[in-house]
Amino acid sequence: MSYSNIVLIIILFALLSYSLFNYFQRKRIIKVLTQEEFIEGYRKAQLIDVREPNEFESGHILGARNIPLTQLKMRMKEIRPDKPVYLYCQRSSRSGRAAQMLYKKGYKQLYQLKGGFKKWTGRIKVGK
C-alpha cells in the first residue's frame, strides 16, 4: 500500500470519526420533536429560526425570532438560558449546530424541529 493511500485512509477515518462524534453529541444535547410535539411546546418557549434573514423573510413559523446561526455568538444574550429553546432551520443541520453552541454556554432545554422548516405544514408568516 502506498504512502498516499495510507494518508487517504487516515483522513477518511478522521472525517468519519468526527461526523459520528458530532451526530452522537447532538443526539445527547438536543431533543428532536415531531411537528405535533413542536407545536405543543413552542408557544411556552423561545422559538428561534436560525436561517439567514432572506430565508426568514420568505416564510417562517408564526411567532419565531430570527437569530441566524452566523450571528448566534454575538446575539446569544437575546436568548434566556432558563427557558426552553425551540430551534429550527431549513432542514435541521444548522439548528443542530446552534444547539451545540448554546449547550456549550450552559443552555440545557434545547429542542429541534424534525425535518426543519422544509417539512413544516403548520401556520407560517411571510415577511416581517
Side-chain angles (χ1 to χ4, degrees):
M1 189 176 284
S2 71
Y3 176 75
S4 59
N5 285 344
I6 292 171
V7 170
L8 182 61
I9 290 170
I10 291 170
I11 291 171
L12 288 173
F13 179 76
L15 286 172
L16 179 63
S17 298
Y18 178 75
S19 296
L20 284 171
F21 173 78
N22 273 335
Y23 173 77
F24 286 111
Q25 183 185 30
R26 284 184 190 167
K27 281 187 76 76
R28 187 175 52 87
I29 66 173
I30 191 166
K31 182 168 173 46
V32 178
L33 303 175
T34 64
Q35 179 172 311
E36 294 74 28
E37 294 168 328
F38 201 81
I39 288 170
E40 284 176 22
Y42 83 81
R43 287 185 185 90
K44 300 177 196 116
Q46 302 167 92
L47 179 58
I48 311 293
D49 183 327
V50 298
R51 299 176 301 156
E52 291 301 311
N54 61 321
E55 294 173 287
F56 183 79
E57 290 300 317
S58 67
H60 57 272
I61 297 173
L62 208 55
R65 281 188 292 158
N66 185 218
I67 303 179
L69 179 63
T70 55
Q71 300 174 14
L72 187 60
K73 281 185 181 176
M74 298 177 301
R75 297 181 60 191
M76 208 171 279
K77 290 180 181 146
E78 297 176 34
I79 305 171
R80 292 178 49 177
D82 61 325
K83 288 186 73 179
V85 180
Y86 278 53
L87 300 162
Y88 73 93
C89 62
Q90 195 65 22
R91 290 196 170 92
S92 295
S93 61
R94 287 178 280 180
S95 54
R97 288 194 305 259
Q100 286 177 311
M101 291 169 66
L102 290 165
Y103 185 80
K104 287 177 185 172
K105 294 294 183 181
Y107 295 78
K108 300 297 183 224
Q109 299 176 74
L110 301 168
Y111 303 88
Q112 177 183 43
L113 175 61
K114 182 178 184 177
F117 188 71
K118 184 175 173 84
K119 301 280 186 179
W120 181 259
T121 59
R123 292 182 51 182
I124 66 166
K125 182 174 183 181
V126 177
K128 290 187 177 194

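Along the sequence shown, residues carry numbers from 1. Note that the structure is predicted; figures quoted are calculated from it, not measured.
Separating the NZ atom in K105 from the CD atom in Q100 is a distance of 14.0 Å, to the nearest 0.5 Å. We find the CZ-CD1 distance between R75 and I67 to be 5.0 Å, quoted to the nearest 0.5 Å. In this structure, CD1 in I30 is found 14.0 Å from OH in Y107, a value given to the nearest 0.5 Å. Once rounded to the nearest 0.5 Å, the distance linking CZ of R65 with CD1 of I61 reads 14.0 Å.
Within the 4.5 Å cutoff, the side chain of K31 has no heavy atoms near those of the Q109 side chain. Counting heavy atoms from C-beta on, the side chains of R51 and R94 come closer than 4.5 Å. Side-chain contact between F117 and D49 is absent, with no heavy-atom pair separated by less than 4.5 Å. Using a 4.5 Å heavy-atom threshold, the side chains of Q90 and E55 count as touching. In this structure, L33 and Q112 have side chains that are not in contact, with every pair of non-hydrogen atoms separated by 4.5 Å or more. A heavy-atom distance below 4.5 Å is not found between the side chains of Y88 and V50. Side-chain contact check for L8 versus L12: some heavy-atom pair is nearer than 4.5 Å. The closest side-chain heavy-atom distance from L87 to C89 is not below 4.5 Å.
E37 contributes a side-chain N or O that, together with a main-chain N or O of T34, makes up a donor-acceptor pair within less than 3.5 Å.
Y103 carries K108 over the face of its six-membered ring, with the cationic atom under 6.0 Å from the centre and within 45° of the normal.
When all heavy atoms are compared, the tightest approach of P84 to A45 is O-CB, 3.4 Å. Taking all atoms of both residues into account, the shortest heavy-atom contact from I39 to W120 is CG1-CH2, 3.5 Å. Nearest heavy-atom pair, L110 versus I29, reported as atom, atom and distance to 0.1 Å: CB-O, 3.8 Å. The minimum heavy-atom distance linking N66 with P53 is given by the pair OD1-CA, 3.4 Å. Shortest non-hydrogen contact noted between S92 and G116 is OG-N, 3.3 Å.
Criterion: ILVMFWY side-chain heavy atoms under 4.5 Å apart, direct or through other members. Under it, M74 and L102 are not part of a common hydrophobic cluster. There is no path of hydrophobic side-chain contacts, each under 4.5 Å, that joins Y3 to I6. Transitive grouping of hydrophobic side chains (ILVMFWY, heavy atoms separated by less than 4.5 Å) brings I124 and L113 into a common cluster.
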Quiz item: Does the pair M101 and K73 meet the rule for a side chain to side chain contact (heavy atoms under 4.5 Å, CB included), with working shown?
Solution: CA-CA 8 Å; M101 291 169 66; K73 281 185 181 176; 3.3 Å; yes
Quiz item: Can you list the steps and then say if F38 with Y111 is a ring pair (Phe, Tyr, Trp, His ring centres under 6.0 Å)?
Solution: CA-CA 8 Å; F38 201 81; Y111 303 88; 8.7 Å; no
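Every residue two or more places apart in sequence or in another chain that forms a side-chain contact (heavy atoms from CB on, under 4.5 Å) with R80 is listed here: Q46, D82, K83.
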